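No experiment lies behind these values; they were computed from the predicted model shown.
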Amino acid sequence: MARNSGRWLAHPRDMEAAMELTSASIHHRHQQSVGWDRHWRRHGVCAGSNVDLFFAVPRSLDHEHALSMCEDCPVRTECLAYALDGRCTHGIFGGTTPGWRRALLARRPHITSWRNLLAQARAEHMRRSHHSAATNHQRQGCSKVVVIK
């Protein structure tokens with residue numbers, strides 16, 4: 001462990017090992033949610049990237065690069081839920097900083113499973129989006145959808 005500005009920080013490689021252990025326990029605690037990618041790490045934009053990038057000094061170019069990688073990541077929600085459920089106090093996860101996550105956890109201390117909450121929110125969003133698209137389609141006078149393969 002290294003000391004930085006009065007705080008103890010784990011080396012990023014130690015954090016990676018801890019993330020693997022935490023991830024396994026999180027997956028055991030939660031049931032499979034609809035639309036949830038259990039193997040999300042394989043599909044992240046960051047897959048194969050140097051883990052040190054996500055534990056860079058705040059506001060550095062590497063820090064900003066890590067945050068920008070998360071912007072269009074297809075598993076950003078899974079990554080964020082992992083960090084919130086695991087109470088990850090260091091590093092960039094799901095496009096968030098440790099300070100942002102600490103503030104969210106402090107505002108919502110009663111939430112026991114961020115994974116379940118975010119999965120439910122995603123399912124509701126998808127349901128509303130589908131309903132809204134169908135309603136708009138009907139308003140435009142379309143009664144048939146043709147799929148071209």
Side-chain angles (χ1 to χ4, degrees), residues 9-10 12-149:
L9 301 175
R13 284 174 186 70
D14 296 336
M15 292 297 292
E16 190 173 314
M19 288 171 20
E20 290 297 327
L21 291 173
T22 304
S23 177
S25 64
I26 287 171
H27 288 304
H28 280 288
R29 282 187 282 152
H30 303 292
Q31 58 186 337
Q32 175 92 12
S33 300
V34 174
W36 201 260
D37 187 349
R38 290 184 323 128
H39 305 289
W40 60 271
R41 282 200 197 121
R42 296 177 192 162
H43 305 117
V45 171
C46 62
S49 297
N50 183 347
V51 70
D52 292 343
L53 180 69
F54 295 88
F55 293 90
V57 175
R59 295 183 191 85
S60 68
L61 288 176
D62 282 347
H63 179 87
E64 296 303 320
H65 179 64
L67 285 170
S68 71
M69 285 178 73
C70 298
E71 287 178 7
D72 295 319
C73 184
V75 292
R76 184 175 179 177
T77 304
E78 287 87 345
C79 186
L80 175 60
Y82 165 81
L84 291 168
D85 281 336
R87 305 300 194 258
C88 296
T89 58
H90 302 288
I92 303 296
F93 288 93
T96 64
T97 62
W100 189 91
R101 292 191 305 273
R102 277 192 302 273
L104 181 60
L105 289 167
R107 284 193 312 269
R108 307 265 197 244
H110 61 283
I111 296 176
T112 58
S113 172
W114 287 94
R115 180 180 184 222
N116 287 342
L117 178 71
L118 293 173
Q120 289 170 358
R122 175 187 284 165
E124 179 63 18
H125 173 74
M126 297 298 281
R127 187 188 66 74
R128 286 184 182 185
S129 294
H130 179 69
H131 177 71
S132 176
T135 302
N136 288 338
H137 193 70
Q138 288 173 350
R139 284 185 191 150
Q140 293 172 356
C142 300
S143 60
K144 221 178 198 185
V145 175
V146 177
V147 178
I148 301 172
K149 292 185 180 182

Which pair of non-hydrogen atoms, one from [X] and one from [Y], has the smallest distance, and what is that distance?
X	Y	answer
R101	T89	NH2-C, 4.4 Å
R76	G94	NE-O, 3.0 Å
H43	H39	ND1-O, 3.4 Å
C73	G44	SG-CA, 3.7 Å

Find out whether [X] and [Y] are in side-chain contact, i.e. whether some heavy atom of one side chain is under 4.5 Å from a heavy atom of the other.
X	Y	result
I92	T97	yes
H63	S60	yes
R102	R107	no
E71	V45	no
W114	L105	yes
L80	C70	no
L53	M69	yes

What's the separation between atom [atom1] in [X] and atom [atom2] in [Y], rounded to the nearest 0.5 Å?
X	Y	atom1	atom2	answer
D62	F55	CG	CZ	13.0 Å
S129	R122	OG	CZ	12.0 Å
H65	C46	NE2	SG	10.5 Å
T77	W40	OG1	CH2	11.0 Å
L84	L117	CG	CG	9.5 Å

Fit a plane to each ring of F93 and Y82, take the angle between them on a 0 to 90° scale, and name the class: parallel (under 30°), tilted (30 to 60°) or perpendicular (over 60°). tilted
Taking everything shown except R87 itself, do over 12 heavy atoms lie less than 6.0 Å from its CZ?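 It does: R87 CZ has more than 12 such atoms within range.
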